[in-house]
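Written below as structure tokens is the structure these notes are about.
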Amino acid sequence: MSIIHFPPTEFLISAAALKQLPADQDYEVAFAGRSNAGKSSALNAITNNKKLAKTSKTPGRTQLINFFTLDNHHRLVDLPGYGYAKVAQEIKARWQETLAQYLTSRQSLRGLILIMDIRHPFKETDQQFLTWAAGCGLPVHVLLSKADKLSRNIANKTLSQAQQTLKPYPLTTIQLFSATHGLGLEKARRQVLTWLKLAS
Ligand code: GDP
């Protein structure tokens, strides 16, 4: 049972290009991760809204940045899953450019939640994302997702190794997470709400 209340969150807008983003004011937290890492499941679990983030598994489709509102001053952002093997090089390149511009220019962006499948962490695109975020001085909180797929012992070992890997990124924190089992849910919620200045 959750003790942290997450405010009701609703879909706001899908943006296909940077010029379509909502006004850059107040507080925003963005979710990123490779396709299939468990990003939609994490968003739905954190907001306690099973239908919030819908996944499109169709490679090559228009990549949308989806915005959700908690209220007029607080937003969550679902960045398109990156690293989908079947997406054309051209789409990948365009998406990387959009992502880089979003990260570097968005004033209201207070923090990034990076979802990595605990069984396949630190793929090249994840490393690139961490490097970009560090370059922009943006804090990142990593969810090692699907932690229920490993034994508690192996999951904890993986977490320790990941903490070592993240040593060069001082603004980055990390935790175990399972959307299906609720593992780490409170901690993840607290991090999002803290960045949004809705908790301390
Ligand atoms: P996305 O592409 O990153 O949005 O990933 P999804 O949230 O759609 O999840 C991809 C797959 O992983 C789906 O089959 C989910 O059911 C599964 N999945 C996501 N989170 C978890 C988790 O915490 N535990 C387990 N066992 N499976 C998960």
Side-chain angles (χ1 to χ4, degrees), residues 1-2 4 6 9-16 28-68 75-88 91-92 94-96 98-99 102-103 111-130 132-133 140-159 162 172-192:
M1 185 74 120
S2 166
I4 294 189
F6 203 93
T9 308
E10 306 177 345
F11 175 76
L12 175 67
I13 194 175
S14 285
E28 199 164 283
V29 170
F31 286 64
R34 292 170 55 80
S35 304
N36 217 39
K39 177 162 57 71
S40 308
S41 304
L43 257 164
N44 291 351
I46 287 169
T47 58
N48 199 21
N49 184 342
K50 288 189 182 66
K51 293 181 190 151
L52 193 76
K54 295 183 205 122
T55 43
S56 162
K57 302 289 180 203
T58 316
R61 272 181 60 149
T62 312
Q63 306 259 294
L64 299 170
I65 303 181
N66 292 313
F67 287 81
F68 306 96
R75 294 176 299 279
L76 298 183
V77 185
D78 184 8
L79 298 170
Y82 51 76
Y84 206 115
K86 288 179 195 148
V87 169
I91 293 172
K92 262 191 201 168
R94 207 182 316 139
W95 160 231
Q96 287 186 355
T98 306
L99 177 64
Y102 170 79
L103 292 181
L112 293 158
I113 300 284
L114 174 62
I115 292 102
M116 296 195 293
D117 188 323
I118 192 164
R119 298 163 302 170
H120 318 284
F122 300 112
K123 295 282 188 191
E124 196 185 333
T125 40
D126 298 318
Q127 308 257 20
Q128 188 180 38
F129 187 86
L130 287 165
W132 273 340
V140 180
H141 185 66
V142 178
L143 303 183
L144 283 177
S145 68
K146 310 187 195 180
D148 59 280
K149 297 257 191 191
L150 301 181
S151 70
R152 190 54 73 101
N153 187 24
I154 302 286
N156 282 329
K157 275 194 186 140
T158 309
L159 175 63
T172 302
T173 48
I174 186 163
Q175 66 161 99
L176 298 178
F177 187 80
S178 165
T180 51
H181 291 57
L183 176 71
L185 188 54
E186 287 294 305
K187 192 171 180 178
R189 269 191 193 141
R190 194 176 292 281
Q191 181 61 76
V192 172

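Whatever order the structure lists them in is the order used to number ligands and atoms, beginning at 1. FYI, side chains are in, hydrogens and waters are out, and symmetry mates aren't considered; it's all heavy atoms of this structure. Predicted, not measured: the structure shown is a model, and the values here were computed from it.
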Which of the numbered atoms in ligand 1 are below 4.0 angstrom from a heavy atom of Ser41?
6 (P), 7 (O), 9 (O), 19 (C), 20 (N)
What atoms in ligand 1 come closer than 4.0 Å to a heavy atom of Ser40?
1 (P), 4 (O), 7 (O)
Using only heavy-atom distances, determine whether the side chains of Asn66 and Ser14 contain a donor-acceptor pair under 3.5 Å.
yes
Any N/O pair Phe177/ligand 1 closer than 3.5 Å
no
Under 3.5 Å, side chain of Gln175 to main-chain N/O of Gly184, donor-acceptor pair present?
yes
I need the atoms of ligand 1 closer than 4.0 Å to a non-hydrogen atom of Ala37, numbered in the order shown.
3 (O)
Please determine if Ser35 has a nitrogen or oxygen closer than 3.5 Å to a nitrogen or oxygen of ligand 1.
no
Surrounding CD of Glu10 (heavy atoms of other residues, nucleotides or ligands, distance under 6.0 Å), is the total greater than 12?
no
For ligand 1, which atoms, with element, lie under 4.0 Å from some heavy atom of Ser178?
23 (O)
Phe129: ring pair (Phe, Tyr, Trp, His ring centres under 6.0 Å) partners, not counting sequence neighbours
Tyr82
Other residues, nucleotides, ligands: >12 heavy atoms within 6.0 Å of Arg152 CZ:
no
Which of the numbered atoms in ligand 1 are below 4.0 angstrom from a heavy atom of Gly38?
1 (P), 3 (O), 5 (O), 6 (P), 7 (O), 9 (O), 19 (C)
Below 4.0 Å, non-hydrogen atoms only: which portion of Asp148 touches ligand 1? Side chain, backbone, both or neither.
side chain
Which ligand 1 atoms, with their elements, are less than 4.0 angstrom from a heavy-atom of Arg34?
3 (O)
Taking C-beta and beyond as the side chain, do Arg190 and Lys187 meet within less than 4.5 Å on heavy atoms?
no
Between Leu143 and the options Ile113, Leu114, Ile174, the side-chain contact (heavy atoms from CB on, under 4.5 Å) test singles out Ile113
